[in-house]
Enquirer: 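Below is the structure I would like to discuss, written out as structure tokens.
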Amino acid sequence: MILSKRCGGCDLGWAAAAASFVSVCEEIYSDCKAKLIFDVDKKGVLKLKAKIDGDDSKGIKGVEIFAFDLACVIVGSKAGTIPGFLVHDSHVFDAMDDRQLCSCLNIGARLSKEYNIQYIVMLNTDRLESAERLGFDRGEFPVSTILTDEGESGGLFGARFG
């Protein structure tokens, strides 16, 4: 974590958020360094940058989003200031390789239990099956709604769009 001098060293849970972010990132990428940088500009606007060393691929950007969201949930859960759930759309995971996806799902499952939150992931079936082949066990996690655009009954809640 890096706090600029303009932040005055203040800590509004930032240190805990940064530590959680780094911990999640290091669990996914054991060979990369991660950091969460907080700064306040001259106008008093908080600037935040999540960074994992390495290339700036879309897969790594997805992991940065995933890890930052979980860091916020962890800090918010400890403070009692979150609604009790986190939702990730498949877009967060699209560019990740299957190993990264599997790690993210396992981490999300573990932390949702630890912090008593509901973690909702919208994911294409083929990606879920790939993560399962690599070690994600969805046995206790229900898949209650399957959306498809196949056939006359396909769509969202019986409605067809487009």
Side-chain angles (χ1 to χ4, degrees), residues 1-3 7 9-39 46-148 156-157:
M1 174 194 70
I2 298 173
L3 286 175
C7 288
C10 62
D11 182 9
L12 304 172
W14 299 351
S20 296
F21 175 81
V22 168
S23 176
V24 169
C25 290
E26 287 178 350
E27 191 170 341
I28 297 168
Y29 298 113
S30 60
D31 59 339
C32 291
K33 296 212 183 289
K35 57 189 166 199
L36 199 51
I37 302 167
F38 298 91
D39 193 12
L46 177 65
K47 301 288 183 176
L48 174 77
K49 181 170 179 150
K51 181 72 176 139
I52 299 172
D53 289 345
D55 65 20
D56 284 333
S57 71
K58 289 183 180 181
I60 288 178
K61 293 294 182 198
V63 171
E64 289 172 354
I65 292 167
F66 170 82
F68 178 76
D69 289 350
L70 282 178
C72 291
V73 165
I74 290 168
V75 170
S77 176
K78 289 177 180 177
T81 58
I82 61 168
F85 65 91
L86 173 63
V87 179
H88 276 141
D89 184 54
S90 63
H91 183 70
V92 171
F93 306 104
D94 282 347
M96 290 182 196
D97 69 30
D98 292 340
R99 293 167 304 171
Q100 292 168 321
L101 172 63
C102 181
S103 292
C104 288
L105 293 177
N106 282 320
I107 292 166
R110 185 185 78 245
L111 293 178
S112 69
K113 285 181 186 177
E114 187 176 334
Y115 292 97
N116 196 30
I117 62 159
Q118 184 176 19
Y119 182 45
I120 301 165
V121 178
M122 290 170 265
L123 200 61
N124 293 342
T125 307
D126 60 327
R127 295 300 315 271
L128 178 59
E129 290 167 354
S130 294
E132 288 179 308
R133 282 191 294 275
L134 291 172
F136 175 66
D137 180 12
R138 71 168 167 153
E140 65 182 279
F141 305 105
V143 177
S144 59
T145 303
I146 296 177
L147 303 176
T148 180
L156 181 61
F157 305 114

Enquirer: Can you find a heavy atom in the side chain of Leu111 that is under 4.5 Å from one in the side chain of Val73?
Expert: no
Enquirer: Taking all atoms of both residues into account, what is the closest heavy-atom pair of Ala131 and Leu105, and its distance?
Expert: CB-CD1, 3.7 Å
Enquirer: Look only at the side chain of Ser23 and the backbone of Ala19, and say whether a donor-acceptor pair between them is shorter than 3.5 Å.
Expert: no
Enquirer: Drop me the distance from Asp89's CG to Ile120's CD1, to the nearest 0.5 angstrom.
Expert: 12.0 Å
Enquirer: Identify the heavy atoms of Ser103 and Ile28 that sit nearest to each other, and give their distance.
Expert: CB-CG1, 4.1 Å
Enquirer: Roughly how far, to the nearest 0.5 Å, is the CZ atom of Phe21 from the NZ atom of Lys35?
Expert: 10.5 Å
Enquirer: Could you grab the distance from atom CD1 of Ile60 to atom CD of Gln100, nearest 0.5 Å is fine?
Expert: 7.0 Å
Enquirer: Distance from Leu36 atom CG to Lys51 atom NZ, nearest 0.5 Å?
Expert: 13.0 Å
Enquirer: Tell me whether the count of non-hydrogen atoms from other residues, nucleotides or ligands lying under 6.0 Å of CZ in Arg99 goes above 12.
Expert: no
Enquirer: Just by distance, no angles: are the side chains of Ser130 and Arg133 close enough, under 3.5 Å, to form a donor-acceptor pair?
Expert: yes
Enquirer: So which atom in Cys104 and which in Phe66 form the shortest heavy-atom distance, rounded to 0.1 Å?
Expert: O-CZ, 3.1 Å
Enquirer: Would you confirm whether Glu27, through its side chain, and Val24, through its main-chain N or O, come within 3.5 Å as a donor-acceptor pair?
Expert: no
Enquirer: Looking only at non-hydrogen atoms, find the nearest pair between Met96 and Arg127 and report the distance.
Expert: O-NH2, 3.0 Å
Enquirer: Report the relative orientation of the aromatic rings in Phe93 and His88; use parallel for angles under 30°, tilted for 30 to 60°, perpendicular for over 60°.
Expert: perpendicular
Enquirer: Holding to ring pair (Phe, Tyr, Trp, His ring centres under 6.0 Å), I want the full list of residues that pass it with Tyr115, two or more places apart in sequence or in another chain.
Expert: none
Enquirer: Between Phe38 and Ala18, which heavy-atom pair has the shortest distance, and what is it?
Expert: CE1-CB, 4.2 Å
Enquirer: Identify the heavy atoms of Tyr119 and Ser112 that sit nearest to each other, and give their distance.
Expert: CB-CB, 3.8 Å
Enquirer: Working to the nearest 0.5 angstrom, can you tell me the gap between Ser90 OG and Leu128 CG?
Expert: 12.0 Å
Enquirer: May I ask you to decide if Ala34's main-chain N or O and Glu26's side chain share a donor-acceptor pair within less than 3.5 Å?
Expert: no
Enquirer: Drop me the distance from Ser20's OG to Leu70's CG, to the nearest 0.5 angstrom.
Expert: 9.0 Å
Enquirer: Check whether more than 12 heavy atoms from other residues, nucleotides or ligands sit under 6.0 Å from atom CG of Asp126, and answer yes or no.
Expert: yes
Enquirer: Could you please spell out the steps behind the side chain to side chain contact (heavy atoms under 4.5 Å, CB included) verdict for Asp69 and Val92?
Expert: CA-CA 11 Å; Asp69 289 350; Val92 171; 5.6 Å; no
